[in-house]
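Read through the structure below, which is laid out as structure tokens, and then see the notes.
Labels below follow one simple rule: chain letters A, B, ... track the order of the sequence lines, proteins then strands, and each chain is numbered from 1. This is a predicted model, so every value here is computed, not measured.
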Amino acid sequence: MKQRVSALLREKFGREVVLEKPRDRSFGHFATPIAFSMAKELRESPMKIAEELASSFSESDFFSSVDSVKGYLNFRLSENFLSEYGAWALENPDQFAKQEKNEKILLEFVSANPTGPLHIGHARGAVYGDTLYRLAKHLGYDITAEYYVNDAGNQIDLLGLSIQLYGRENILKESVEYPQSYYRGDYLAPLAQDAVDKFGKEILSDESRQKELALWAKDGVMEIIKKDLADTNIFFDTFVYESSLYEDWDRVMAKMGDGIYKKEDKVFIASSQKGDDSDRVVVREDGRPTYLAGDIVYHNQKFERGYENYINIWGADHHGYIARVKAAVEFLGYESSKLEILLSQMVSLLKDGEPYKMSKRAGNVILMSDIVKEIGSDALRFIFASKKSDTALEFDLSEFKKQDSSNPIFYIQYAHARIKTIISKSDLSEDDIMAATLKNLGENADNLLFDALLLPEIIEDAFSSRQVQKLPEYLKSLASSLHKFYYDCRIIGTENEAKLLKLLMIVGLSLKTGLSLMGIEAKDYMTKEDD
RNA sequence: GCGCUCUUAGCUCAGCUGGAUAGAGCAACGCCCUUCUAAGGCGUAGGCCAAUGGUUCGAAUCCAUUAGGGCGUACCA
């Protein structure tokens, strides 16, 4: 709708027009302060210009009114337009709010090391990424969700060591001395046991077999990670393994030309030429590549696969890393502006106002799976999608266990369930409802209809600005409008029953579509659980 | 020290490319079930948008400085 209005005005005024939401719905559906910017050029008062502009609009099918208030130009869409659009949406629910963007995007997210289950920080990036992915799909982008598996560095050796330590203590019943860093947690138990079953007990004590053990175990860990993700409706299209990339290393180094140089038996990337603070080591003296080396070959591979845009979602603690990866992309001969790096910030958890206790058995991290168990996938997704991903977030678990309006996910679900309930209680057939027109329903109903039809532009805006939280914000406000309408307006048994049901169906469609874009299934019926 | 980032109601957060009286939810205090699920609705109270200065018709929003918080500043991933 907004696009149509804005296109229409652009044509009429011959310039880009800023459209905004009026302060108050009574002003209209859209507003523009264009008269203020024209005032300067024309040396006239904004009020006068606005008045002249307003009167230049004639009666049309599209706008029911255009008027000027204090220099603003306010537009009200016609009932005709709204009702036809609403009817179209209902008849074409699969096309509602969809577009055909046809741009190839590679979205890389999560990419947690295959050394243990996902923790709460990963969960945030995962939800953010998956929500973007769903929005992009809906908008018609050809987007690929990719997971980069770091299976080639020190952390993999550490995984081997950790399994050995766990097995020696718990299976062989040895007393072991733990080094400073190693992985811990319950997930090691089945891995250690399976390893013994497969390779025999010796593998636990043979230091030279750590790598072998780890490379075998990482697949098991990846299964754990995939399960964590699947439990929150997150799925990936492709997995790229770091270990598979190194055969390309010589070619990629050559490709970077002068971007790479040798010094003191080490290989450096001249990233300081491209805005990084200093040059970085990519291959150590002993020939082992650094983490950055893996990222360079990986990003080269990404660009060679040919996408129009690349989006990476990284934990905020990696932000210092952006400059060097972008530098590498430049040396490889690609435009680093095509690589967009989004950060997801830290999460701190509270429970009943107290810091959430990390469990020893989980290895002193807060596991994503524990939180899902506690509040459910829907609530988890809702929380993370509701907040700007690039600011630190603190939230209290107990708030999301409540089943009332303090819990936004229930609030929205309830709105959807209410609609379904009313429809099921009506004696009218679907044909009766679909045949009704949405006219002459009064201001409240018109407003609700307009709100429900805003979904397409919310989706577009949420994706293009990468501000996923706009969607849940919108759904909350739509749910609120619905609840209010429900309270004010009796539906079943009134003369407008068919029309009103049609209106509710449109609202339901928006709610359901919006929720599904957040990876949440709309409920048709809510049952209250007693504590 | 340097870089990035954040600071909006008691708490957790929205506030789009600067625009009309600063927005939710929670918590607090009232009111509304002979109504399609009260898992709801209505209302009251609560803010010098961290501070200062600048840009302009107009700033929570842009710029600069300051203060405070977070993160980074590895040949770790």
Side-chain angles (χ1 to χ4, degrees), chain A residues 16 18-24 27 31-34 36-37 39-40 45-46 69-72 74 111-113 115 150 152-156 158 181 242 264 266-268 277-278 280-286 288-295 315-323 343 345-346 348 350 353 383 386-388 390-396 399 402-408 410-411 413-415 417-419 421-426 461-462 464-465 467 469-470 472-473 476-477 479-480 482-494 497 501 504 525-529:
Chain A
E16 268 314 309
V18 178
L19 274 187
E20 51 194 45
K21 206 169 89 184
R23 177 103 235 120
D24 192 298
F27 285 128
T32 174
I34 188 173
F36 290 97
S37 41
K40 214 173 174 181
S45 86
V69 180
K70 293 205 280 191
Y72 287 84
N74 296 327
S111 298
N113 294 336
T115 53
N150 289 115
N154 288 341
Q155 78 283 0
I156 275 293
L158 210 52
S181 59
E242 181 184 5
E264 298 160 3
K266 293 176 244 183
V267 179
F268 286 78
D277 296 338
S278 64
R280 309 289 172 176
V281 174
V282 289
V283 183
R284 304 175 180 95
E285 283 167 285
D286 58 10
R288 280 155 52 233
T290 63
Y291 179 75
L292 180 59
D295 252 340
D317 52 341
H318 285 60
H319 82 247
Y321 219 75
I322 296 175
L343 299 177
Q345 271 286 3
M346 305 288 133
S348 45
L350 300 175
I383 297 160
S386 298
K387 315 292 178 188
K388 267 193 308 207
D390 59 353
T391 62
L393 165 71
E394 186 177 85
F395 77 92
D396 195 320
E399 272 191 32
K402 293 191 208 148
Q403 299 184 26
D404 56 36
S405 62
S406 67
N407 186 342
F410 273 86
Y411 185 77
Q413 290 282 25
Y414 184 39
R418 270 191 153 161
I419 291 170
T421 308
I422 297 171
I423 291 169
S424 71
K425 292 212 169 159
S426 166
D461 189 25
S464 60
S465 64
Q467 305 276 301
Q469 78 279 3
K470 290 180 180 191
E473 283 295 323
K476 270 193 272 185
S477 84
S480 165
L482 184 277
H483 286 308
K484 193 168 179 169
F485 188 77
Y486 170 90
Y487 184 84
D488 290 339
C489 181
R490 173 90 198 173
I491 292 163
I492 291 179
T494 65
E497 184 170 336
L501 286 173
L504 291 197
Y525 194 80
M526 309 273 294
T527 43
K528 188 161 189 169
E529 293 165 25

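A distance of 11.0 Å separates OG of A/Ser111 from CD of A/Glu242, quoted to the nearest 0.5 Å. Taking CD1 of A/Ile492 as the start and CD1 of A/Ile423 as the end, the distance is 9.5 Å to the nearest 0.5 Å. In this structure, CG on A/Leu482 lies 11.0 Å from OG on A/Ser477, to the nearest 0.5 angstrom.
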>> Let's go through A/Ile156 and A/Asn113 carefully: what are the C-alpha distance in whole Å and the side-chain angles of both, what is the deciding distance for side chain to side chain contact (heavy atoms under 4.5 Å, CB included) to 0.1 Å, and is it a yes or a no?
In response: CA-CA 8 Å; A/Ile156 275 293; A/Asn113 294 336; over 6 Å; no
>> A/Leu350 vs A/Glu394, test: side chain to side chain contact (heavy atoms under 4.5 Å, CB included). Steps then yes/no.
In response: CA-CA 7 Å; A/Leu350 300 175; A/Glu394 186 177 85; 3.9 Å; yes
>> side chain to side chain contact (heavy atoms under 4.5 Å, CB included) for A/Arg418 and A/Leu504? Distances and angles first, verdict last.
In response: CA-CA 9 Å; A/Arg418 270 191 153 161; A/Leu504 291 197; over 6 Å; no
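Here the nucleotide nearest the side chain of A/Gln467, chosen from B/rU17, B/rG15, B/rU37, is B/rG15. Between B/rA77, B/rC6, B/rG40, one nucleotide has an atom nearer to the side chain of A/His318 than all others, and that is B/rA77. Residue A/Arg280 has its side chain nearest to B/rA74 when only B/rA74, B/rC36, B/rA14 are considered. For A/Tyr487, the side-chain atoms get nearest to B/rC32 when compared with the rest of B/rC32, B/rA14, B/rU37. For A/Asp317, whose side chain is taken as the heavy atoms from C-beta onward, the closest listed nucleotide among B/rG15, B/rG72, B/rA74 is B/rG72. Among B/rU37, B/rC36, B/rA77, the nucleotide with an atom closest to any side-chain atom of A/Asn113 is B/rA77. The side chain of A/Leu393 lies closest to B/rC13, out of B/rA14, B/rC36, B/rC13. The side chain of A/Val18 lies closest to B/rU17 when the candidates are B/rC36, B/rU37, B/rU17. Listed candidates were B/rU37, B/rA74, B/rA77. Nearest to the side chain of A/Gln155 is B/rA77.
With sequence neighbours excluded, the residues forming a ring-ring contact (aromatic ring centres under 6.0 Å, His included) with A/Phe36 are A/Tyr72, listed by chain and number. A search for ring-ring contact (aromatic ring centres under 6.0 Å, His included) contacts involving A/His319 returns nothing, not counting sequence neighbours. Partners of A/Tyr486 according to the ring-ring contact (aromatic ring centres under 6.0 Å, His included) rule, which considers only residues two or more places apart in sequence or in another chain, do not exist here. Under the ring-ring contact (aromatic ring centres under 6.0 Å, His included) criterion, A/Tyr414 pairs with A/His483, not counting sequence neighbours.
Note on A/Gln413: nothing from the nucleic acid sits closer than 4.0 angstrom, heavy atoms only. A/Arg288 comes within 4.0 angstrom of nothing in the nucleic acid, heavy atoms only. Nucleic acid contact class of A/Thr421 (heavy atoms, under 4.0 Å, all strands): base. Among the protein residues, A/Lys470 comes within range of the sugar-phosphate backbone only, with heavy atoms under 4.0 Å from sugar or phosphate atoms but none that close to a base. Residue contacts for A/His319: at a heavy-atom cut-off of 4.0 Å it reaches a base atom on one of the strands shown. A/Leu19 comes within contact range of at least one nucleobase, with a heavy-atom separation under 4.0 Å.
When the C1' atom is used for both B/rA50 and B/rU5, the distance is 15 Å, rounded to whole Å. B/rU52 and B/rA60 have their C1' atoms separated by 16 Å, given to the nearest Å. Between B/rA14 and B/rG54, the two P atoms lie 30 Å apart (nearest whole Å). Rounded to whole Å, the separation between the C1' atoms of B/rG47 and B/rU21 comes to 14 Å. Going from the P atom of B/rC48 to that of B/rC36 covers 45 Å, rounded to whole Å. Taking atom C1' in both B/rG46 and B/rG25, the straight-line distance is 14 Å, to the nearest Å. Comparing B/rG15 with B/rU8, their P atoms are spaced 14 Å from each other, to the whole Å. Of the P atoms belonging to B/rC49 and B/rU61, the separation is 10 Å, rounded to the nearest Å.
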What protein N or O atoms touch nucleotides 56-63 of chain B N or O atoms at under 3.5 angstrom, if any, and at what distances?
| residue | atom | partner | partner atom | Å |
| --- | --- | --- | --- | --- |
| B/rC57 | OP1 | A/Lys40 | NZ | 3.4 |

Sort me out a list of protein N/O and nucleotides 20-22 of chain B N/O pairs below 3.5 Å, or just none if empty.
| residue | atom | partner | partner atom | Å |
| --- | --- | --- | --- | --- |
| B/rA20 | O4' | A/Tyr72 | OH | 3.4 |
| B/rA20 | O2' | A/Lys70 | NZ | 3.4 |
| B/rA20 | N6 | A/Asn74 | OD1 | 3.0 |
| B/rA20 | N1 | A/Asn74 | OD1 | 3.4 |
| B/rA20 | N1 | A/Asn74 | ND2 | 3.4 |
| B/rA22 | O3' | A/Arg23 | NH2 | 3.1 |

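When rounded to the nearest whole Å, the span between OH of A/Tyr414 and C1' of B/rA38 equals 7 Å. Computed from coordinates, the A/Lys425 NZ to B/rC36 P distance equals 7 Å when rounded to whole Å. A/Ile322 places its CD1 atom 11 Å from the C1' atom of B/rG3, with the value rounded to the nearest Å. Put simply, CG on A/Asp488 is 8 Å from P on B/rC42, counting in whole angstrom units. As a whole-Å value, the separation of A/Leu482 CG from B/rU37 P is 13 Å. Distance, A/Lys476 NZ to B/rG25 C1': 6 Å, rounded to whole Å. Atoms CD1 (A/Ile419) and P (B/rA39) sit 17 Å apart, rounded to a whole Å. Remark: P of B/rA24 and NZ of A/Lys387 are 15 Å apart, rounded to the nearest angstrom.
The base-pairing partner of B/rC62, taking Watson-Crick or G-U wobble contacts with both distances under 3.5 Å, is B/rG54. Under the Watson-Crick or G-U wobble criterion, with both distances below 3.5 Å, B/rC36 is left unpaired in every strand shown. Summarising the base pairing, B/rC42 is matched to B/rG30 through a Watson-Crick or G-U wobble pair whose two defining distances lie under 3.5 Å. Nucleotide B/rC71 forms a pair with B/rG3, judged by Watson-Crick or G-U wobble geometry with both contacts under 3.5 Å.
When each of A/Arg418 and A/Ala392 is assigned the nucleotide of RNA chain B bearing its nearest heavy atom, the one mapping closer to the 5' terminus is A/Ala392. In this structure, A/Asp461 and A/Leu350 both approach RNA chain B, and ranking their closest nucleotides by distance from the 5' end singles out A/Leu350.
In terms of phosphate contacts, A/Tyr486 brings a side-chain nitrogen or oxygen within less than 4.0 Å of OP1 or OP2 of B/rA38.
For B/rC33, the base is syn relative to its sugar; the glycosidic angle is within 90° of 0.
Taking each heavy atom of A/Gln469 and A/Ser386 in turn, the nearest pair found is CB-O, 3.1 Å.
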